[in-house]
Amino acid sequence: MIVLGIETSCDETACALYSTARGLIGDRVLTQAIHAEYGGVVPELASRDHVRHLLPMVDGLLRDTGVVRTELGGVAYTAGPGLLGALLVGSAFGAGLAFALGVPAIGVHHMEGHVLAPMLDDASIKPPFVAMLVSGGHTMLVAVPEIGRYEVLGESLDDAVGEVFDKVAKQMGLGYPGGAALAKLAESGRAPSSSGVPPFPRPMTDRPGLEFSFSGLKTRAMQILRLVEAGDAPEQGRADVARALQEAMVDTLVIKAVRALDQVGMKNVVVAGGVGANLYLRERLSATLAQRGGHAYFPRQAFCTDNAAMIAYAGWVRLQAGQGALVSGFAARARWPLDQLSPLV
Ligand code: KG4
Ligand code: ZN
């Protein structure tokens with residue numbers, strides 16, 4: 001079976017083909033450039049841009065991979081959570097195409113897509129594991145005893161990790177979203193113990209629980225940034241702050257990930273979402289879990305951020321389990337708690 005995946009939940013227009021026999025056949029992602037000048041995603045502009053690009057993109061993917069429409073055995077589209085107008089573009093398109101072809105369609109939960117993304121490259125990854133979802137909109141620890149069963153253990157009470165990176169990066173003049181640029185800048189930062197930057201807290205690690213709160217850390221980073229920028233070495237100061245912030249954020253995530261594993265009696269962590277591309281997080285979490293006889297799994301860099309390969313794959317998994325349906329309508333949900341999903345069987 002070949003499944004076409006469609007992703008339009010935010011500001012990436014993406015499509016991909018996943019097949020039982022060949023795995024991932026191809027994928028396309030277009031990151032909308034129109035939002036950069038606003039410093040954040042403008043929902044209505046996102047919807048219109050998806051409308052503009054989705055059909056030609058799917059056509060191009062089919063042409064380049066040599067797959068013909070009639071070979072498709074199902075269509076998987078992101079049904080939520082996300083921006084409602086943006087979701088509607090992909091779900092109407094996906095359900096419409098499936099209806100026209102007479103094949104089943106399935107509405108995929110965007111975060112389930114992220115959780116399953118590492119399996120695109122490593123089929124040996126199997127539950128039970130703790131999923132750590134770290135993106136521009138989410139910071140969550142989720143126990144995954146089996147695919148489809150997601151028990152949220154803790155999440156951020158305020159800013160998401162990616163949001164903190166993006167806001168501080170913006171203040172540093174690194175553009176939007178600047179998480180990756182901030183991580184790059186951190187490489188030339190000096191160790192916090194020798195840089196003279198005042199210490200950053202590891203929020204909420206000194207008390208029990210798996211909740212996160214990053215807004216205080218963000219405010220502190222902004223304050224210290226203003227101080228170093230007014231000093232005599234602003235360039236070096238910015239890099240030092242980037243490094244200190246990255247270390248504090250990653251430390252906090254690693255401490256809570258280990259705590260989550262202990263709480264549910266599991267060994268492995270699957271990291272998902274854009275911040276999963278962060279190399280320092282990859283190193284630190286991998287090393288910490290290795291010492292405990294566990295393992296940290298990450299998607300390949302390109303599949304950390306939003307993409308349709310993960311949607312095609314998650315849709316394929318559910319279609320294989322007989323969960324698709326011939327189209328009688330379509331779903332799009334701006335809010336969709338992860339723990340409302342049904343297990344595979
Ligand atoms: O999952 P994603 O593509 O979109 C959603 O937010 O749903 O994640 C994007 C987030 C942005 O905040 C971006 O700055 C962050 O991931 N990001 C990074 C890195 N690459 C992307 N943050 C830290 N280090 C990186 N290397
Ligand atoms: Zn995402």
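Counting starts at 1 for both ligands and their atoms, following the listed order.
The pair Lys218-Asp158 does not meet the salt-bridge criterion, since no charged nitrogen lies less than 4.0 angstrom from a carboxylate oxygen.
Other residues, nucleotides and ligands contribute more than 12 heavy atoms inside 6.0 Å of the CG atom of Asp339.
In terms of protein heavy-atom proximity, atom 6 (O) of ligand 1 is closest to Gly136 N, 2.7 Å. Looking from atom 25 (C) of ligand 1 to the surrounding protein, the closest heavy atom is Ala180 CA, 3.7 Å. Among all non-hydrogen protein atoms, the one lying nearest atom 24 (N) of ligand 1 is Asn278 ND2, 3.0 Å.
One option in Ala272, Gly276, Gly274 has a heavy atom closer to atom 20 (N) of ligand 1 than any other, and that option is Gly274.
For the Zn ion (ligand 2), the set of nearby N, O or S atoms under 2.8 Å includes one belonging to His114. At least one N/O/S atom of His110, from backbone or side chain, sits under 2.8 Å from the Zn ion (ligand 2).
Under the rule for a side-chain contact (heavy atoms from CB on, under 4.5 Å), the partners of Arg48 that lie at least two apart in sequence or sit in another chain are Glu44, Arg52.
Per residue Asp306, closest N, O or S atom to the Zn ion (ligand 2): atom name OD1.
The atoms of ligand 1 that sit less than 4.0 Å from any heavy atom of Asp166 are 11 (C), 12 (O), 13 (C), 14 (O). Atoms of ligand 1 found under 4.0 Å from any heavy atom of His114 (numbered from 1 in listed order, with element): 1 (O). If you number the atoms of ligand 1 from 1 as listed, the ones under 4.0 Å from a heavy atom of Gly137 come out as 6 (O).
Note: His295 and Tyr297 have tilted aromatic rings, judged against thresholds of 30 and 60 degrees for the angle between ring planes.
Asp159 and Ser215 share no side-chain donor-acceptor pair at under 3.5 Å.
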